[in-house]
Amino acid sequence: MNAPERTQAFVLDEDSGEVKIVYSADTKVANAGTFRLNKEDHTVGNLLRMQLLRDPNVRFAGYYHPHPLVYFLDMKIQTNNSTVAPVEVLSSAIEDLANETDHLITQFQDAMESWKRENDHAEMATQF
Amino acid sequence: LQNLMALYRDATVHSLSWKEATTGNKIFSILNFVLTGSDLSVANTLRRTMIAEVPTFAIDQVHIQENTTCLNDEFVAHRLGLIPLTSDTIDEYEYARSCKNCTKENLPTCSRCSIKLELAVSGLPDKTTLVTASDFHSSNPEVCPVPNFEKIPIVKLRKGQELRLTCIAIKGTAQEHAKWSPTCCTVFRVEPDIELNQTKLQLLGNEGKKAWVDSCPTRVFDFDEVSGNVSVAKPECCTYCDECIKDGRMRIGYGEGGEYDDLVTIRPQEGTFHFTIEGTGAMKPEQIFLTAIDRVNDKLKMMLDCLNQSMN
């Protein structure tokens, strides 16, 4: 009766206007803002945070998942100067990660091809 | 955006090898490979995605026509949900919640989003009947209980007991329920850099060296009786338990000036991760990995679109 729907943890509720990322600029700190990532968890949060920390334009980057039953992340980003906005830094981090994962796909497929060329065991041939 | 330099890493994947889960059954459901040049967060994201966000098929609804067995309805239904179904063709199917053919009512029925599996077994008159996953009839022969695990017992029947039911299997992810997880055990390991301090090792006698080598629970080190040498035999077995360091300190004592001058230094190698993916047989392990990377990619691209939209 009180149980929430199981898919609520990871499916965006578009009917009530939920968007993936909501940005709110920080009123007290310069060049900073908070991104609320809806229906996300540590899988993506930690990945983005570690990538942001590699960027020399970022002064502060951190995220938290307030409670396991609450399905969003808050990511706080502060940049070094006002020429670079937190939004730009986040989108470049996401782009770099997307490039890295694309590269990983080709790498893995190449590794599989080279394994197939090197090994002609009859038993493994049925696997592919 | 011109002043932001590209910060991507050139990660490589190499040293693939497949293993059978049970020796001799010819089903290579364990994949080992090495990911180099990447970061711990990427490896962890891939691991989490492989476990929780790769979609597979699993029985979700059970319509029971007759159940006179010793297990009650929900017990049997729970067991049925956990049976792994072959999900190689999962990409051709849609999620039942977003299927256009099916209404919003309780029954996903169309062939685009669901598979019907039927089971009808009666107890034999002379002996105990074991109802197994192989007794299922599937509406689509591509999706059926995994060949390796078709002997999974569901329930045992006596003479006069009967089990008749219809199941509907749908696409889902382990984020919703663990029955949809395609993996048994997916882990990654960081290989250590082990350096032995040979000068200090010589302070121990042969007895001491042998006892020190024995202190490692996973036998990483090897002591050669003939030459009296201690060497690192299997660094991949190291679990960073530090037993060797503690044992060494007990034998040699601490170093001078408060700094530890240990018999061995163990440091994890940065950026190199040894993955082991074991699938349930629902999909091949390489398919699990590729689907996981695709899922991460999709998530990242969706977030990028959302950001670009809000910027404009």
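Proteins come first, then strands; the chains are lettered A, B, ... in the order of their sequence lines, and each starts at number 1.
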### Query
Is a donor on one side and an acceptor on the other found under 3.5 Å between the side chain of Gln287(B) and the backbone of Asp88(B)?
yes
## Note on the structure
Residues at least two apart in sequence or cross-chain that pass ring-ring contact (aromatic ring centres under 6.0 Å, His included) with Phe273(B), listed by chain then number, are Phe188(B)
### Summary
Heavy-atom nearest pair, Val296(B) first then Thr101(A), reads CG1-CG2, 4.1 Å
### Message
Taking every non-hydrogen pair under 4.5 Å, which of Lys301(B), Arg47(B), Glu176(B) racks up the most with chain A?
### Response
Glu176(B)
#### Entry: Heavy-atom pair with the smallest gap, counting every atom of Cys144(B) and Pro141(B)
SG-O, 3.9 Å
### Query
Can you name the nearest heavy-atom pair linking Phe57(B) to Ser87(B), along with the distance?
N-OG, 3.1 Å
### Test: Asp41(A) and Arg48(B) ion pair at under 4.0 Å
yes
### Region of Thr12(B) that comes under 4.5 Å of a non-hydrogen atom in chain A
both
### Query
Is any side-chain N of the basic residue among Arg112(B) and Glu94(B) closer than 4.0 Å to the acidic one's carboxylate O?
no
### Query
Hey, which residues of residues 16-34 of chain A are touching chain B, say heavy atoms under 4.5 Å apart?
Val19(A), Lys20(A), Ile21(A)
### Query
Should the pair Lys39(A) and Phe10(A) be classed as cation-pi, given the thresholds of under 6.0 Å to the six-membered ring centre and 45° from the axis?
no
### Task
Examine whether an atom of Ala98(A) lies under 4.5 Å from a heavy atom of chain B, and if so say whether it belongs to the side chain, the backbone or both; otherwise answer neither.
both
### Contacting region of Val42(B) [heavy-atom separation from chain A under 4.5 Å]
both
#### Entry: Considering all heavy atoms, the nearest Thr56(B)-Ser181(B) contact
OG1-N, 4.4 Å
### Task
Check ring-ring contact (aromatic ring centres under 6.0 Å, His included) between His65(A) and all other residues, then give those that pass, not counting sequence neighbours.
His42(A)
## Note on the structure
Under 4.5 Å to a heavy atom of chain A? For Ile51(B) that would be neither
### Task
Could you tell me which of Ile94(A), Leu48(A), Thr106(A) has the largest number of non-hydrogen atom pairs under 4.5 Å with chain B?
Ile94(A)
### Message
Heavy-atom pairs under 4.5 Å with chain A: which of Ser38(B), Ser41(B), Ser17(B) has the most?
### Response
Ser41(B)
### Task
Sort Glu53(B) into side chain, backbone, both or neither according to what part of it lies under 4.5 angstrom from a heavy atom of chain A.
side chain
### Query
Between Asn46(A), Ile105(A), Leu90(A), which shows the greatest number of heavy-atom pairs under 4.5 Å with chain B?
Ile105(A)
### Message
Report which part of Glu40(A) has an atom under 4.5 Å of a heavy atom belonging to chain B: side chain, backbone, both, or neither.
### Response
side chain
### Message
Using the salt bridge (charged side-chain N to carboxylate O under 4.0 Å, His left out) criterion, which residues pair with Lys179(B)? Sequence neighbours excluded.
### Response
Asp60(B)
### Which portion of Asp102(A) sits near chain B, non-hydrogen atoms under 4.5 angstrom
both
### Task
Pick one of side chain, backbone, both or neither for Thr173(B), based on which atoms fall under 4.5 Å of a heavy atom in chain A.
side chain
## Note on the structure
Minimal heavy-atom distance between Leu46(B) and Ala292(B), with the atoms involved, is O-CB, 4.4 Å
### Message
For Leu40(B), which atoms come within 4.5 Å of any heavy atom of chain A: side chain, backbone, both, or neither?
### Response
neither
#### Entry: Segment of Asp10(B) engaging chain A (4.5 angstrom heavy-atom cut-off)
both
## Note on the structure
When the 4.5 angstrom heavy-atom criterion is applied to Leu16(B) and chain A, the contacting part is both
### Message
Main chain of Leu307(B), side chain of Ser310(B): is a donor-acceptor contact present, judged purely on distance under 3.5 Å?
### Response
yes
### Task
Over all heavy atoms of both residues, which pair between Ile30(B) and Glu20(B) is shortest? Give the atoms and the distance, please.
CD1-O, 4.2 Å
### Query
Given the options Met303(B), His177(B), Met302(B), His14(B), which has more heavy-atom pairs under 4.5 Å with chain A than any of the others?
Met303(B)
